[in-house]
Amino acid sequence: MKPLRRRAPFTPVAGGPLVCPGLADTPTADDTVPNRPISTAGVIDPSGFKDSDGARYLLYKTQQLPSSLRIVRLDAAGTHVFSGATSRQLLRSDRIVENPVLVKRGGAYVLFASRGPYNQCSYETIWMRASSLAANAFNTVTQNTLLTPASTSGVCGPGGGDIAAALDGGQRIFFHGWLCGSSPCPSGFNSQTDTGGRRGMYVAVLGWDASNDPVVNLFLNPGD
């Protein structure tokens, strides 16, 4: 067996964080969350997206309620905010919605996200479709479920989904769920009050039907 090659650690790109209230020049917001200015809200769940025209974007979520999923354009290298770009809200929700991941499919934008309380089995993965990335483009569209305990044969809290290209030309969706021992935790599990739970990672084949709706029909085992 060949020894692993040691690589140099990552180093920050000059100019500070892309979005970080209090530590960087947060991109000017096109709107604000009532009683919680965007400049003072923590930001989590960053996700990159490259559009079909080559434009690069950063998606993220502002903490606390209401949930705000936002997008800001980056420069060509993806290391700085595009000159003059604003932080644009794509979705505002009274429910917890987080972990935005964007895919372009069939000429439309499909937004994947996690919905619900992370600490419970009801945490789930949803998807939405919009024709543009305009401000609040996903506010009035249907939120469809993709991964729930029922659709995954009992995975407790299937959320935190991320999508990656596969060597076979398709796509994979990686997500996590609560495990109690080697099996999914029972439906009433709550990590804030129950002990013994841990997050485990799952991977499945992400497909698309004739209407360009995302579907998950096959879960993979180690070695597949």
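Hydrogens, waters and symmetry mates play no part in the numbers below; they use all other heavy atoms, side chains included.
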Subject >> ILVMFWY network linking Val72 to Leu69, side-chain heavy atoms under 4.5 angstrom >> reply: no
**OP:** Start with the C-alpha distance between Tyr123 and Ile96, add both sets of side-chain angles, then the distance that settles side-chain contact (heavy atoms from CB on, under 4.5 Å), and finish with yes or no.
**Re:** CA-CA 9 Å; Tyr123 195 56; Ile96 299 173; 5.5 Å; no
Subject >> Residues Leu74, Thr79; criterion side-chain contact (heavy atoms from CB on, under 4.5 Å); working and verdict >> reply: CA-CA 7 Å; Leu74 304 179; Thr79 56; over 6 Å; no
Subject >> Derivation and outcome, side-chain contact (heavy atoms from CB on, under 4.5 Å), residues Val205 and Gln171 >> reply: CA-CA 6 Å; Val205 176; Gln171 293 176 308; over 6 Å; no
**OP:** Any chance you could lay out the side chain to side chain donor-acceptor pair (under 3.5 Å) test for Ser87 and Arg70, step after step, and finish with the verdict?
**Re:** CA-CA 6 Å; Ser87 170; Arg70 309 187 70 88; 2.8 Å; yes
Subject >> With Ile71, the side-chain contact (heavy atoms from CB on, under 4.5 Å) member among Leu90, Leu111, Thr86 >> reply: Leu90
Subject >> 4.5 Å side-chain heavy-atom contact, Ile163 and Phe112 >> reply: yes
Subject >> Leu102 side, atom CG; Leu59 side, atom CG - distance, nearest 0.5 Å >> reply: 5.5 Å
**OP:** To the nearest 0.5 angstrom, please state how far the NE2 atom of His80 sits from the CG atom of Leu58.
**Re:** 13.0 Å
Original post:
Do the side chains of Pro158 and Pro149 get nearer than 4.5 Å, heavy atoms only?
Top reply: yes
Original post:
Considering only heavy atoms from C-beta outward, does the side chain of Ser122 approach that of Pro117 to under 4.5 Å?
Top reply: yes
Original post:
Between Ser114 and Glu124, is any pair of side-chain heavy atoms under 4.5 Å apart?
Top reply: no
Subject >> Same apolar cluster (I L V M F W Y, side chains within < 4.5 Å links), Val110/Phe138 >> reply: no
**OP:** Let me see the working for Phe189 and Trp178 under ring pair (Phe, Tyr, Trp, His ring centres under 6.0 Å), right down to the final yes or no.
**Re:** CA-CA 9 Å; Phe189 177 80; Trp178 288 107; 5.6 Å; yes
**OP:** Dump the intermediate steps for side chain to side chain donor-acceptor pair (under 3.5 Å) on Ser68 and Gln89, then the final yes or no.
**Re:** CA-CA 7 Å; Ser68 176; Gln89 180 175 263; 2.9 Å; yes
Subject >> hydrophobic_cluster_shared for Leu179 and Val155, side chain cutoff 4.5 Å >> reply: yes
Original post:
Do Tyr109 and Val103 come within less than 4.5 Å of each other through their side chains, counting heavy atoms only?
Top reply: no
**OP:** Specify the closest pair of heavy atoms between Arg95 and Ser67, including all atoms of both residues, with the distance to one decimal.
**Re:** O-OG, 2.8 Å
Original post:
Would you find a donor on one side and an acceptor on the other, under 3.5 Å apart, between the side chain of Asn119 and the backbone of Asn190?
Top reply: no
Original post:
Less than 4.5 Å apart, any side-chain heavy atom of Leu91 and any of Met128?
Top reply: yes
Original post:
Does Ser47 reach the main-chain N or O of Pro100 with its side chain, forming a donor-acceptor pair under 3.5 Å?
Top reply: yes
**OP:** Check whether the side chains of Glu98 and Tyr60 place a donor and an acceptor atom closer than 3.5 Å, and report yes or no.
**Re:** no
**OP:** Hey, could you give me the SG/CZ distance between Cys180 and Arg198, rounded to the nearest 0.5 Å?
**Re:** 9.0 Å
**OP:** Mind checking the CD1-CG spacing from Ile173 to Leu206? Nearest 0.5 Å is all I need.
**Re:** 5.5 Å
Subject >> For Asp194, all residues meeting side chain to side chain donor-acceptor pair (under 3.5 Å), sequence neighbours excluded >> reply: none
**OP:** Specify the closest pair of heavy atoms between Ala130 and Ala108, including all atoms of both residues, with the distance to one decimal.
**Re:** O-CB, 3.6 Å
Original post:
What closest approach, in Å, do Ala135 and Arg88 show between heavy atoms, and which atom pair accounts for it?
Top reply: N-CD, 3.4 Å
Original post:
Passes side-chain contact (heavy atoms from CB on, under 4.5 Å), Asp51 versus Lys104? Steps please.
Top reply: CA-CA 7 Å; Asp51 208 341; Lys104 195 168 188 180; 3.2 Å; yes
**OP:** Group every Ile, Leu, Val, Met, Phe, Trp and Tyr by side-chain heavy-atom contacts under 4.5 Å, then state whether Phe49 and Val141 land in the same group.
**Re:** yes
Original post:
Backbone N or O of Asn144 within a donor-acceptor pair of the Thr142 side chain at under 3.5 Å?
Top reply: no
**OP:** Can you see which heavy atom on Val215 is nearest to which on Trp208, and at what distance?
**Re:** CG2-N, 3.8 Å
Subject >> Between CZ on residue Arg115 and CD1 on residue Ile126, distance to nearest 0.5 Å >> reply: 4.5 Å
Original post:
Is Asp213 salt-bridged to Arg129, cutoff N-O under 4.0 Å?
Top reply: yes
Original post:
Should the SG of Cys121 and the SG of Cys185 be checked, would they turn out to be under 2.5 Å apart?
Top reply: no
**OP:** Hey, could you give me the OH/CZ distance between Tyr202 and Phe219, rounded to the nearest 0.5 Å?
**Re:** 9.0 Å
Original post:
If you take all heavy atoms of Ala85 and Arg73, which pair is closest and at what distance?
Top reply: CB-O, 3.8 Å
Subject >> Whether Asn136 side chain and Asn139 backbone form a donor-acceptor pair below 3.5 Å >> reply: no
Original post:
Same hydrophobic cluster for Val101 and Leu146, using side-chain heavy-atom links shorter than 4.5 Å among ILVMFWY?
Top reply: yes
Subject >> Expected output: side-chain Thr125 to main-chain Leu147 donor-acceptor under 3.5 Å >> reply: no
Original post:
So does Asp75 pair up with Arg56, basic N to acidic O under 4.0 Å?
Top reply: no
Original post:
Sub-3.5 Å donor-acceptor pair from the side chain of Asp94 to the main-chain atoms of Leu65, do we have one?
Top reply: no
Original post:
Taking it one step at a time, do Tyr118 and Gln192 satisfy side chain to side chain donor-acceptor pair (under 3.5 Å)?
Top reply: CA-CA 10 Å; Tyr118 165 81; Gln192 292 185 346; over 6 Å; no
